[in-house]
Amino acid sequence: ILVAGGGRCNVTHHTVDENQFAGSSRHAIKKVLRRFDVARTIEFFRELGVELKREETGKLFPVTDDARTVLDALLAAVRNAGASIRHPWRVESVERDGDGFVVRPAAPGGAGVPAHINARRVILAAGGMALPRTGSDGRGYTIVRSLGHTTTPRIFPGLVPLTLPEGHFIRGLSGLTLPATLTLKSATGRHLVSFTNSTLCTHFGLSGPSVLDISRYYLDAGAQAAEGASDESGPGPRPVLAINFLPGCSAESLDARLRDARAVSPGRLLSDPPLNLPERLARELCRVAGVDPSAPCRALTRDQRRALRAAVTDLSLPVTGDRGFTHAEITAGGVPLSEVHLETMESRVCRGLYLCGEILDVDGRIGGFNFQWAWASGYVAGTAAGAPTCRLDSRMVTG
């Protein structure tokens, strides 16, 4: 909460539906989201004294612009509900004990702190592996597997910056931000997914909302290609990630502009209105295409125009990797939703165990969508586990 939204915490997004998520089936995700939608989220926080405001991006932030407002309100709600918080009390294991569970800590507690907790019901909201400094180091997966669950074959960073080779011109434009369209294509050129948003050139490669949104799809497609169709077939062709520095401008449209510009240089054409590319980027794109940025456009050959329009609107990015869980905002992969009852989030393989949040195989776009999944799945799990027929022995939160 405290690190989200640049320290302001984008609590949710004004429009959330299953199409903004990946991982488990969208139909299953929809069933959970509709149980606690955006309107209920806004009302819930209002009842806790946290008013939200909508910004142009559609993100909803506390009017205080301070993530601490959200955290303090939630902690106060826990206290007002009569629950006790054991912290620090890091959970090492959750073991089946008859009809209930024994929850054991990683280290013995001090005086007056229980060596373990007996519980009839357990809600596991341990997160994934993103931002391990916050405690999400993957321990939850070990615990849930020990209780009979499976996890997806791949658990990998999502909403993560991507790296480019040393010496790539984009790395030399560090700090430059502009709107761009990122498109993921199969090795045969088939369009898979694209995102248009602010894009940031960095000293290591690319970041910004468009890059973070497409990263999980690129990494997943690349892993599938590397695995190959079978052991005998070997790795398949890798997908291609391409960038259009002029969203909404096609290669054909740019080619027409270049032909009509005549006396104007390509560098000036790209950097002046209405295209408005940063001058540094315009010059680099001309260089990549083998074009003199200061020569008149009428001097360009057909091949030079073709090379320039490709560099500007469909530049393939030689991605070398990602910045890992340390810099990822979420985790892709986890426990499939098919292993829980969607009406309650109770495990199908371990009665009395409830799962919610990022430990499940659900990950959304940047912009508050993952918080909304956390609120919705947590609400379903909490109301089910705390129902009269499933009353907890004691209301206790550990972490």
Side-chain angles (χ1 to χ4, degrees), residues 1-16 20-21 38 41-79 85 87-88 125-137 157-162 174-179 195 197-216 322-332 356-359 363-378 397 399:
I1 288 174
L2 294 182
V3 300
R8 296 194 297 141
C9 186
N10 44 312
V11 173
T12 187
H13 195 276
H14 82 99
T15 302
V16 178
Q20 313 302 325
F21 295 85
V38 173
T41 297
I42 295 171
E43 182 57 30
F44 169 76
F45 279 99
R46 179 176 292 125
E47 291 173 357
L48 298 186
V50 180
E51 291 291 337
L52 303 179
K53 63 177 180 178
R54 173 182 166 182
E55 299 193 345
E56 289 184 4
T57 58
K59 301 176 184 178
L60 271 64
F61 289 90
V63 294
T64 60
D65 282 328
D66 186 354
R68 178 69 61 177
T69 303
V70 178
L71 179 60
D72 289 347
L74 291 171
L75 292 175
V78 170
R79 291 190 295 269
I85 298 177
H87 178 77
M129 296 178 67
L131 297 176
R133 68 180 183 274
T134 66
S136 297
D137 60 1
L159 299 185
V160 64
L162 299 175
S174 181
L176 188 150
T177 303
L178 75 164
F195 292 95
N197 211 324
S198 178
T199 306
L200 172 65
C201 301
T202 75
H203 65 283
F204 57 79
L206 285 166
S207 189
S210 65
V211 177
L212 300 186
D213 275 336
I214 208 166
S215 61
R216 71 96 60 219
D322 63 85
R323 300 204 77 196
F325 285 113
T326 301
H327 298 277
E329 295 192 16
I330 54 100
T331 303
C356 64
E358 199 171 334
I359 197 169
D363 59 283
R365 292 179 54 193
I366 193 171
F369 297 99
N370 292 289
F371 269 129
Q372 186 60 41
W373 170 252
W375 311 136
S377 60
V397 179

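All values reported here derive from a predicted model rather than from experimental measurement. Basis for what follows: all heavy atoms, side chains included, without hydrogens, waters or symmetry-related copies.
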Of the non-hydrogen atoms in [X] and [Y], which two are nearest, and what is the gap between them?
X: L212; Y: V160; result: CD2-C, 3.4 Å
X: T326; Y: R133; result: O-NH1, 3.8 Å
X: D66; Y: P62; result: O-CG, 3.8 Å
X: G127; Y: S136; result: CA-OG, 4.3 Å
X: G158; Y: S215; result: C-OG, 4.1 Å
X: P209; Y: S198; result: CD-O, 3.1 Å

Look only at the side chain of [X] and the backbone of [Y], and say whether a donor-acceptor pair between them is shorter than 3.5 Å.
X: S377; Y: G357; answer: yes
X: T12; Y: V38; answer: no
X: H327; Y: D322; answer: no

Is there a side-chain contact between [X] and [Y], using heavy atoms and a 4.5 Å cut-off?
X: R8; Y: E55; answer: yes
X: N370; Y: E358; answer: no
X: E329; Y: L131; answer: no
X: L206; Y: C201; answer: yes
X: V16; Y: T41; answer: no
X: L74; Y: F45; answer: yes

Quick check for you: to the nearest 0.5 Å, what is the distance between [X] atom [atom1] and [Y] atom [atom2]?
X: L52; Y: T64; atom1: CG; atom2: OG1; value: 9.5 Å
X: T134; Y: L2; atom1: OG1; atom2: CG; value: 10.0 Å
X: R54; Y: H13; atom1: CZ; atom2: NE2; value: 8.0 Å
X: L159; Y: I366; atom1: CG; atom2: CD1; value: 6.0 Å
X: Q372; Y: Q20; atom1: CD; atom2: CD; value: 12.0 Å
X: H87; Y: I85; atom1: NE2; atom2: CD1; value: 9.0 Å

Start with the C-alpha distance between W373 and D363, add both sets of side-chain angles, then the distance that settles side chain to side chain contact (heavy atoms under 4.5 Å, CB included), and finish with yes or no. CA-CA 8 Å; W373 170 252; D363 59 283; over 6 Å; no
For residues 42-53, the side-chain hydrogen bond (donor to acceptor under 3.5 Å, both in side chains) pairs (sequence neighbours left out) are E43-R46, R46-E51, K53-D65
- If you look only at pairs with a residue in residues 201-210, which of them pass as a side-chain hydrogen bond (donor to acceptor under 3.5 Å, both in side chains), with sequence neighbours excluded?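 Residue pairs passing side-chain hydrogen bond (donor to acceptor under 3.5 Å, both in side chains), neighbours aside: T199-S210.
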request  = Mark yes or no: R365 above the aromatic ring of F195, with NZ or CZ under 6.0 Å from the six-membered ring centre and no more than 45 degrees from the axis.
outcome  = no
**Message:** Suppose we screen for ring pair (Phe, Tyr, Trp, His ring centres under 6.0 Å). Which residues come up paired with F61, at least two apart in sequence or across chains?
**Reply:**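 Listed in chain order: nothing, the list is empty.
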Among L48, V11, N10, side-chain contact (heavy atoms from CB on, under 4.5 Å) partner for V70: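 Answer to the side-chain contact (heavy atoms from CB on, under 4.5 Å) test with V70 among L48, V11, N10: V11.
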Give me the ring orientation class for F369 and F21: parallel if the planes are under 30° apart, tilted from 30 to 60°, perpendicular past 60°.
perpendicular
